[in-house]
Structure formats: C-alpha cells, structure tokens
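Down below is the structure, laid out as structure tokens.
Start at 1 and go down the list; that is how both ligands and their atoms are numbered. Note that the structure is predicted; figures quoted are calculated from it, not measured.
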Amino acid sequence: MESLHLLFATSEVFPLIKTGGLADVSGALPAALARLGVDATLLLPAYAAVLDSAGSLQQIARLDLPQHGDVRLLQGRLPDGLPLLLVDHAGYYQRAGNPYLGADGHDWPDNALRFGLLSQMAAWLAGEQSPLPRRPDVLHCNDWQTALAPAYLHFYDRAHAATVMTIHNLAYQGVFPPTVLGALNLPQESFHLEGLEFHGMLSFLKAGLVYSDRITTVSPSYAREIQQEPLGFGLQGLLRHRRDVLTGILNGIDTEEWNPAADTRLWATYDAANLAGKARNKEALQQTMGLAIEANSPLLAVVSRIAPQKGLDVVADALPQLIQMGFQFVLLGSGERALERRLRDLTHAHPGRAAVHIGYDETLSHRIEAGADVFLMPSRFEPCGLNQMYSQRYGTLPVVAPTGGLLDTVTDATAARLASREATGFVLERLDAGALRSTLARVNELYRNKEAWLRMQRAAMGRDFGWAARAEEYLALYRNLLARQ
Ligand code: ADP
C-alpha cells in the first residue's frame, strides 16, 4: 500500500517548545505514526525558541500575503528525524516567552493573526496549490490555533487533503471580535450560526468543528462529556450534531522519555522488579525540597499548570488536614498568581512538611514523579491528562477526580479491583476537600500495608500507556476517512 502523507499542524511540540500536553502529543504521535509507515510532517510557528533549537533550516517558500506581509516557510527536522516545516514571520513569532501569553500573563493581542496565519499556511500546504512535492492526504489540526485551516480549505480550495480536528482542551476556543474576519481573509459568508460565528464573535475552534471531516478528542469519556453542559463550553449542540464523526482516542505517553529504568534525570533508576531506586529518589527529593527526610511518611505530589481547571484550590483547602494526617506535600507548577501565592503561604506555614517550586522545570518534574508516593490530580475536567499515566509508570499511585481521561486510565482501588490485582490508583467520589480527605484516609491505610501497596505499584508500572496502540487507532481513522472520499 502506498504510504499515507500526513501534515500534522500544531502550535507546540516537545522538545522544541512546550507549555502543556499538546506539545507531548505532537512530539510523540506523528513519530509513532511514522513507525507505522506514515509519511508524517509537522507544521509549527518559527518561535524564537524554536529557531534557536531546531538545527539547520532551509527556506522552501516565501510569500507576501496582503494581510500578513512577508512570510517564509522553512524546512528542517525534529531531533528524532521527523520532517518539520516552520512558518516564519518575524513580527508574529519571534518574541520572548510563552507562545500564547505576554509577560503580563495576558494573551498576545495579535493572537488571531498569529494563529490565523498558521492555519492559513496549513491549508495552503494541504490544498490544490500546495508547494510540497506531494500534497498531504490528511491534514491533522490540533486545538484552536490551527482550527481555521478546514475553513480556509472549505471556502477556497476544491481538491484538498482530508481533515481531522483534534480537541485537546475545549476550554480554549480562540474567540475574537468579528472585525478580524477581514484581516484573516475569510469570506463574509462564513460568518453565520452554522459557520464561524459564536455568540456574535468569531471562533477558531468552531471553524474546525464545523468544517473538518472528522473530529477526535483525547479520551472516550471526554468525547461523551463535551456533548453536554457544562464541559461542552457552549459547543455541546454542535458536537452532538456531529457525534457520528466524533471519536475519543486516548493519548499515549512517550515511554522512552518517561522510563524509570533509564531516566537520566533521576537520582537513581528503578523498575517494577526492584523499587529500591525509588526510595533513593524519595530521599533526595525530600532533601532538595527542604522536607524532613522520612522514608515512611507518604509523600503527595502535584506537577501542574496552576489554573482553575486543575482543582488545586481544593488541594489548598484540604492541605492543613492532609499534613495533620501525616502526609508530606510537594508541588511544582506555575500559573495563576493568586493561587500560587496561597499555595506558597500554606507551605511556608508547614516547614519540613510541604514545599512548592513555582516555575516550569522538566528535570524536577521527572524527579517528583519518581520520588513521590502519591500523585494528586483533582481536575475539574481533564480531556486526557498525562501526569496520571507518567505517575503509574513511575509507581506513584494517582489520586484523580472522576472526569475525562482520568476515568479511562486509572483503575480505582475498590475491594474487587484490589483482589483482582488490577487497581492502580484512587478515583475521588466527587471533587471537594471532604472527598479528597476521605480518599486520602483510604490511601494512608493502604500505604501502611506494604504488600498491598507494592502490588498496586506493580500493577500501575505494568500498564501499557505507549503510543503504538494509539497510533494504530489514528491510522485506522485516517484510512477509513480516505476510503470514504
Ligand atoms: P495540560 O496539558 O492540561 O497542562 P497534561 O497532564 O495533559 O495537562 O500535561 C501536562 C504536561 O505538562 C505534563 O507533561 C507535565 O509534566 C507538564 N508540566 C506541567 N507543569 C509543569 C511544570 N511546572 N514543570 C514541568 N512540567 C510541567
């Protein structure tokens, strides 16, 4: 069979630029598809950080677009060898800091243009006028930043790639005043209720959901949840209308990057057969974070964006009592200033028992996964979530809220699942400080039963969260889509 040409359009990719889970997926899924024989190319903005780290680049096209000015298309390779295309626009992408936010924590004011251009370039590459030696068979768009591409193809192109739109997080939709329509070179006729309009505004994500051939999201539970209030965030009606083309495919994790048996970032490596190295990581983590060095105090951890979605206010509510119950606590994260401050103040009030590190730190995130006993993920919603999978792989049992991908990837320690040795974590009954405390009382009890705990750790570490099986699901979806065209 002839190989399938895939263009994977995204606004972040590990290891070049990362703010969250989308980067991990973009770094791993196209590579896993390539291992299945797919001819996969990534499309990404040429952010300053990317230009610095992308290695040698070649200009393959240059355009002068009336709305955007001078745009260049650069070609290179990702560190793992996958072909990479970069949209280079000095004014849009070459600025310090986060891809989406300025130093003041607010969205860049020209985000509509920045990601409108990314979408338009994706559509160009996937359309009739594609400058690529072979036009892609499938254009795979990810989140709102690339979601206008199916609309450009719908309105301006007759023969173009099949389109897949993946929702990594429906809470971010890219909604802008309708005045950007002209600047984005979209026709007035696209701006209506069954098109790009969303309550009088222009919605990037809605464009992708309306005009793409297939919609996917990153877990089966989230695919169900977004068809209802409140997690549909206003798009539940549209998603219900398109449910025949909507599927949930779980994310995998990069099992090489996240492998406790070979992770060079750790103080000591370990595997399911011998967890001695995990105890050494715990001791080193306690020391680094200024916690009392106590092998037998259960250590709770959080690595997360500090955003309302992640439910860390509930952790803050419960923290004094958790510490009273004998838990230690570490948190690595950054985001909302007020909650950062609250968490920092709380931990200062409990020296030796709790510590926070505000910031983004890849190495520390691995060390925390290895050194902690329990990982907290009390998300209000979670499309898939990665950390609960990393945690299981590192023998750190997750405590999760009953939502989205967390439900699909963690097996609750019920009596039956403990007996059948399938239990790998703990699912809260509901999300509040009371439920968190009562579940952690259960955790505490099991933690004291060393044999039962070890059994759960081994079950968790034995789970296959790799991308291979997930990539097969995407490939089947692409093939099915192409067969119907
Ligand atoms: P989301 O994409 O909603 O932020 P996920 O659990 O899907 O949540 O992915 C989060 C990713 O970002 C994980 O790889 C996690 O380790 C990483 N991460 C989040 N905050 C930090 C941080 N402060 N330092 C290091 N890694 C972080």
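Closest heavy-atom approach to atom 17 (C) of ligand 1 among the candidates Glu257, Glu362, Lys18, Glu382: Lys18.
Using a 4.5 Å heavy-atom cutoff, the side chains of Ile167 and Pro383 are not in contact. Phe329 has its side chain out of reach of His350: every pair of non-hydrogen atoms, C-beta onward, lies at least 4.5 Å apart.
The distance from ligand 1 to the heavy atoms of Leu332 drops below 4.0 Å at these ligand atoms: 22 (C), 23 (N), 24 (N), 25 (C). Near Ser365, meaning under 4.0 Å from one of its heavy atoms, ligand 1 places the atoms 25 (C), 26 (N). Atoms of ligand 1 found under 4.0 Å from any heavy atom of Tyr390 (numbered from 1 in listed order, with element): 13 (C), 14 (O). Applying the 4.0 Å criterion to heavy atoms of Gly333 picks out, from ligand 1, the atoms 23 (N). Close contacts of ligand 1 with Gly20, meaning ligand atoms under 4.0 Å from a residue heavy atom, involve 2 (O).
Between the side chains of Gln321 and Arg437, at least one donor-acceptor pair of N or O atoms lies under 3.5 Å. For Tyr394 and Asp263, the side-chain atoms include at least one donor-acceptor pair closer than 3.5 Å. Arg305 and Gln309 form a side-chain donor-acceptor contact under 3.5 Å, judged by distance and modelled atom types alone.
Under 4.0 Å from ligand 1, the heavy atoms of Asp24 that appear belong solely to its side chain. When heavy-atom distances to ligand 1 are checked against a 4.0 Å cut-off, Ser304 comes that close only through its backbone atoms N, CA, C and O. At a heavy-atom distance under 4.0 Å, only side-chain atoms of Lys310, from C-beta outward, approach ligand 1. Looking at Asn387 against ligand 1, both its backbone and its side chain come within 4.0 Å, counting heavy atoms.
The existence of a salt bridge linking Glu362 and Arg265 is excluded, since no basic side-chain nitrogen approaches an acidic carboxylate oxygen closer than 4.0 Å.
Each of Asn480, Thr163, Thr166, Thr247 was evaluated against Arg214; a single residue qualifies, Asn480, per the side-chain hydrogen bond (donor to acceptor under 3.5 Å, both in side chains) test.
The backbone N or O of Gly20 sits less than 3.5 Å from a side-chain atom of Glu12, completing a donor-acceptor pair.
In terms of protein heavy-atom proximity, atom 4 (O) of ligand 1 is nearest to Arg305 NE, 2.8 Å. Among all non-hydrogen protein atoms, the one lying nearest atom 2 (O) of ligand 1 is Gly21 N, 2.7 Å. Atom 24 (N) of ligand 1 has as its closest protein heavy atom Asp361 N, 3.0 Å. The nearest protein atom to atom 5 (P) of ligand 1, hydrogens excluded, is given as Leu386 N, 3.8 Å; this is a heavy-atom distance. Among protein heavy atoms, atom 27 (C) of ligand 1 sits closest to Tyr360 CE1, 3.4 Å.
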Next on the checklist: Could you walk me through whether Lys278 and Gln457 satisfy the side chain to side chain contact (heavy atoms under 4.5 Å, CB included) test, starting with their C-alpha distance in whole Å, then the side-chain angles of each, then the deciding distance to 0.1 Å, before giving a yes or no?
Outcome noted: CA-CA 11 Å; Lys278 185 162 175 65; Gln457 285 181 305; 3.7 Å; yes
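Classified by interplanar angle (parallel below 30°, tilted 30° to 60°, perpendicular above 60°), the ring pair Phe115/Tyr100 is tilted.
Any N or O atom pair closer than 3.5 Å counts here, and Gly359 shares at least one such pair with ligand 1.
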